[in-house]
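Just so it is clear, the values below take in all heavy atoms, side chains as well, and ignore hydrogens, waters and symmetry mates. The structure displayed is predicted, hence computed values, not measured ones.
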Amino acid sequence: MSFFIPVFLYLLGNEKQGTLALCYIFLMWVFSKFFNLTILKLIRKKVKASRVNFERTKGLVWMDNNRGSHSLKFPFEEFNAHYKVQNNPQSGFPYRGFTLLHFKKDVFYAWTGANLISSAFLHWELLQNFMDVTQPLADIPQFEYYREFDKTTAEFDKANGRPKYFWYRVDKSFLKQMTQADDELLKEFNDDEQLDNLLMGKPIKKLKPPEIFKFPWKYAENIKPESEIKFGKTAWQKFTSFLMIDL
């Protein structure tokens with residue numbers, strides 16, 4: 001948007017101010033590129049953010065220690081999930097989620113999302129599915145690239161005739177169909193009622209997703225040929241990405 005300022009000034013006939021604005025923008029761009037390619041790289045090497053990684057193949061949870069010098073690893077089954085509420089000072093409505101606590105060590109993984117207990121259940125179910133190597137990965141766009149590299153998932157896809165790179169090939173309008181199916185399913189889940197059940201130790205209602213979530217390709221009409229799929233950026237996308245200001 002900044003590049004429109006000198007153009008707007010030139011159109012108004014103020015060439016001097018337009019040239020000055022263009023020079024300021026160019027200097028900002030040069031500084032941002034210099035900072036990103038030099039100073040920022042040095043900072044990233046010295047500053048390590050605490051993070052948690054879930055390794056599906058070995059069923060391990062990797063966590064940075066307090067000093068950040070090396071990572072600690074624990075079996076996923078050694079963690080217990082607990083309901084978590086976090087205050088949201090902006091809206092007044094709490095964030096709801098869960099915390100994975102190790103049964104013995106003082107380590108944990110915490111996640112909070114929207115003010116809906118259903119979002120916490122969905123995230124927890126997705127995480128359990130991801131760490132269960134006996135089950136294929138959830139059929140969602142985020143996992144598409146990795147499906148062929150996961151043995152269980154690749155065998156499932158081959159046995160059921162799933163098109164390779166399905167989410168890259170299917171028409172975007174199909175996502176609306178998936179969203180509608182998700183909305184219909186959530187109508188069966190009363191969030192307040194299930195939250196009460198959770199807090200009182202009562203059974204949580206389990207939903208039975210329709211087959212469109214397990215076999216989405218069977219419900220899609222427009223799927224492009226695999227030969228039309230192109231990975232990576234085009235020359236124009238690479239050029240425009242380079243021009244972008246990094247600060």
Inset, instruction - Verify the distance criterion only: is there a donor paired with an acceptor across the side chains of Glu148 and Tyr165 at less than 3.5 Å? - result: yes
Inset, instruction - Say whether Asn197 and Gln194, considering side chains only, have a donor N or O and an acceptor N or O under 3.5 Å apart. - result: yes
Is [Y] close to [X] at the side-chain level, that is, under 4.5 Å between some pair of heavy atoms?
| X | Y | value |
| --- | --- | --- |
| Leu199 | Tyr83 | yes |
| Tyr168 | Tyr145 | yes |
| Val52 | Phe108 | no |
| Arg162 | Asp139 | yes |
| Asn115 | Asn88 | no |
| Leu127 | Leu100 | yes |

In Å and rounded to the nearest 0.5 Å, what is the [atom1] to [atom2] distance from [X] to [Y]?
| X | Y | atom1 | atom2 | result |
| --- | --- | --- | --- | --- |
| Leu126 | Met131 | CG | CE | 12.0 Å |
| Phe121 | Leu195 | CZ | CG | 8.0 Å |
| Ile223 | Glu221 | CD1 | CD | 10.0 Å |
| Leu185 | Lys208 | CG | NZ | 12.0 Å |
| Leu186 | Leu116 | CG | CG | 9.0 Å |
| Thr99 | Asn80 | OG1 | CG | 12.0 Å |

Inset, instruction - Please check if Trp124 and Phe79 belong to a single hydrophobic cluster, counting links between Ile, Leu, Val, Met, Phe, Trp and Tyr side chain heavy atoms closer than 4.5 Å. - result: yes
Inset, instruction - Assign the ring pair Phe174 / Phe166 to parallel, tilted or perpendicular, where the plane angle (0 to 90°) is split at 30° and 60°. - result: perpendicular
Inset, instruction - Give me the ring orientation class for Phe98 and Trp111: parallel if the planes are under 30° apart, tilted from 30 to 60°, perpendicular past 60°. - result: tilted
Looking at [X] and [Y], what are the two nearest heavy atoms and their distance?
| X | Y | answer |
| --- | --- | --- |
| Asn87 | Tyr95 | O-CD1, 4.1 Å |
| Pro163 | Arg169 | CB-NH1, 3.7 Å |
| Phe74 | His102 | CD2-NE2, 3.5 Å |
| Phe130 | Arg56 | O-NH1, 2.8 Å |
| Ala220 | Val170 | CB-CG2, 3.7 Å |
| Pro136 | Asn129 | O-ND2, 3.2 Å |

Inset, instruction - Run the salt-bridge test on Glu78 and Lys73 with the 4.0 Å N-O cut-off and return the result as yes or no. - result: no
Legend entry - Presence of salt bridge, Lys214 and Glu211, under 4.0 angstrom: no
Verify the neighbour count for atom [atom1] of [X]: are there more than 12 heavy atoms of other residues, nucleotides or ligands below 6.0 Å?
| X | atom1 | value |
| --- | --- | --- |
| Lys58 | NZ | no |
| Glu226 | CD | yes |
| Asp106 | CG | no |
| Phe54 | CZ | yes |

Legend entry - Single hit among Asp191, Asp196, Asn190 for side-chain contact (heavy atoms from CB on, under 4.5 Å) with Glu193: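 Between Glu193 and the candidates, side-chain contact (heavy atoms from CB on, under 4.5 Å) is satisfied uniquely by Asn190.
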Inset, instruction - Apply ring-ring contact (aromatic ring centres under 6.0 Å, His included) to the pair Trp217 and Phe215, showing each step before the final yes or no. - result: CA-CA 6 Å; Trp217 66 92; Phe215 306 105; 5.5 Å; yes
